[in-house]
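On a predicted model such as this, the values are computed, not experimentally measured, just so you know.
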Amino acid sequence: MQQAIYLFLDFLTGMVISVMVVANTQFGVAATMGVSLIVNHIIGLTFLSLLLLLGRRNKSINPARKSAPPYLWFNGVFGLVILNCNYYTIVHTGASLAMASTVFGQSFSSVLFDLTGFLGMEKRKLSNKKMASLAISGVGIVVMALGGEGDFVLGYILLGFLAGALTMTQMVLNSTFANYKGSIFASRHNFLTGLIAGVLFYSITAPRATLQGFRVIPSLSPILVLGGGVLAIFVVVSTCYVITKVPAIYSALLLSSAQILTSLAIDALFLDMFSPNLFIGAILMLLGMGGNLLSDRATAH
């Protein structure tokens, strides 16, 4: 029962990620990506700081903390790279191809994590059945890529791949840091380091555009301004709590499938678009994930 809850949270997180990425991109288009990143991180940092303050005597919110390795303290910097990769990939290639390249990056990195025992995760061998199931998921990603409506530019596809690989890496690091400091503290620190990195980066690379973007905020919808930051809180806290409790490859497939299915819903309901290739690819990915889960269950018995 507990494992089922973890799997559901993983899938729900994937859905939220898809909505969050679209919201962040739209906010970035309206007010620059620098403003989108800074505002989102301020929202997350403020909310989680208040939660830690109000729940300082609650052991679930503020558990005993242990000393953590130095590299875990800088995990939030990944967010700066991920948001920019997502932004440029979606803007220049279209949603379906951007999503395909991102989920491929997530899946590829998760296989490496399971094979190598990244950051102390349990090593898991890939059986022939699992390899076949992964191949089906890979075919699904290719089908989605072939159905992309944007420009098929290798550089932007690689950016999407990088975004997916870094997202999965950040999730594992977040969850590992949470084992030392607690989920809420780890999430709060993630927003803090991401905010510092973002302010420094955009102050150097695009100071005028960023300031002009802040002037545009009053004319934008509050949902557009606040939505990405609120959703990011859920994503960061959820991944801190659940990622290390589910095999990385299953986590990646759940996250990927949820993102793809949610993007289909967004395209169909809000953008008046529908891609048969994206739908077929999503079904193939779900079949591949199901094959992995059945193979793992058979091995356990």
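- Put simply, Leu211 and Met33 are part of two different groups of oily side chains (I, L, V, M, F, W, Y) that touch within less than 4.5 Å, one to the next.
- With values rounded to the nearest 0.5 angstrom, Ser187 atom OG is found 11.5 Å from Leu45 atom CG.
- Applying the side-chain contact (heavy atoms from CB on, under 4.5 Å) test between Val235 and each of Thr167, Thr13, Leu12, Val19 identifies Thr13 as the sole match.
- In this structure the side chain of Ile43 never reaches within 4.5 angstrom of the side chain of Phe191, judged on heavy atoms.
- Shown here for Leu162 and Val81, the closest heavy-atom pair between the two residues is CD2-CG1, 4.4 Å.
- One finds the CZ atom of Arg56 at 5.0 Å from the CG atom of Leu53 (value rounded to the nearest 0.5 Å).
- Note: the hydrophobic cluster containing Leu54 does not contain Leu48 (ILVMFWY, side chain heavy atoms under 4.5 Å, direct or indirect links).
- When every heavy atom of Asn40 is checked against every heavy atom of Val225, the shortest pair comes out as OD1-O, 4.1 Å.
- There is a path of hydrophobic side-chain contacts, each under 4.5 Å, that joins Phe214 to Leu37.
- Within a 6.0 Å radius of CZ in Phe8, other residues, nucleotides and ligands contribute 12 heavy atoms or fewer.
- Cluster annotation: Leu226 and Val29 are assigned to the same hydrophobic cluster (Ile/Leu/Val/Met/Phe/Trp/Tyr, side-chain heavy-atom contacts under 4.5 Å, transitive).
- The distance from atom CG of Leu83 to atom CE of Met20, rounded to the nearest 0.5 Å, is 7.0 Å.
- Other residues, nucleotides and ligands contribute only 12 or fewer heavy atoms inside 6.0 Å of the OH atom of Tyr88.
- Each of Asn174, Thr176, Thr169 was compared with Val172 under the side-chain contact (heavy atoms from CB on, under 4.5 Å) criterion, and only Thr176 meets it.
- His41 NE2 to Thr193 OG1: the interatomic distance, rounded to the nearest 0.5 Å, is 7.0 Å.
- Nearest approach of Phe27 to Val35, heavy atoms of both residues: CZ-CG1, 4.0 Å.
- Residues Val21 and Tyr87 are not in side-chain contact: their nearest non-hydrogen atoms beyond the backbone lie 4.5 Å or more apart.
- For the pair Leu72 and Phe177, the tightest heavy-atom approach, listed with the atom from each and the gap, is CB-CD1, 3.6 Å.
- A pairwise comparison of heavy atoms in Ala197 and Val77 identifies CB-CG2, 4.2 Å as the closest pair.
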*Between Ile217 and Val39, does a side chain to side chain contact (heavy atoms under 4.5 Å, CB included) hold up when you go through it step by step?*
CA-CA 10 Å; Ile217 289 180; Val39 170; 4.0 Å; yes
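- Looking at Asn84, its side chain does come within 3.5 Å of a backbone N or O of Leu80 through a donor-acceptor pair.
- Once rounded to the nearest 0.5 Å, the distance linking OG of Ser49 with CG of Leu192 reads 8.0 Å.
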*asked:* Under the criterion side chain to side chain contact (heavy atoms under 4.5 Å, CB included), I'd like the reasoning laid out for Tyr180 against Arg65: C-alpha separation, chi angles, the key distance, then a yes or no.
replied: CA-CA 6 Å; Tyr180 289 97; Arg65 300 169 192 163; over 6 Å; no
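- Rounding to the nearest 0.5 Å gives a distance of 11.5 Å between CD1 of Ile82 and CE of Met168.
- For the pair His189 and Trp73, the tightest heavy-atom approach, listed with the atom from each and the gap, is NE2-O, 2.8 Å.
- Using modelled atom types, one finds no donor on one side chain facing an acceptor on the other under 3.5 Å when comparing Asn24 with Asn86.
- You'll find the side chain of Leu166 stays beyond 4.5 Å of the side chain of Gln170, heavy atoms only.
- The 12-atom threshold is not exceeded at CD1 of Ile223, counting heavy atoms of other residues, nucleotides or ligands nearer than 6.0 Å.
- Using a 4.5 Å cut-off on side-chain heavy atoms (C-beta onward), Phe78 and Asn190 make no contact.
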*asked:* Is there a side chain to side chain contact (heavy atoms under 4.5 Å, CB included) between Asn62 and Lys59? Walk through the geometry before answering.
replied: CA-CA 5 Å; Asn62 197 19; Lys59 297 300 180 183; over 6 Å; no
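- Side-chain contact between Gln212 and Thr32 is absent, with no heavy-atom pair separated by less than 4.5 Å.
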*Steps toward side chain to side chain contact (heavy atoms under 4.5 Å, CB included) verdict (Ile61, Phe185)*: CA-CA 8 Å; Ile61 296 175; Phe185 180 92; over 6 Å; no
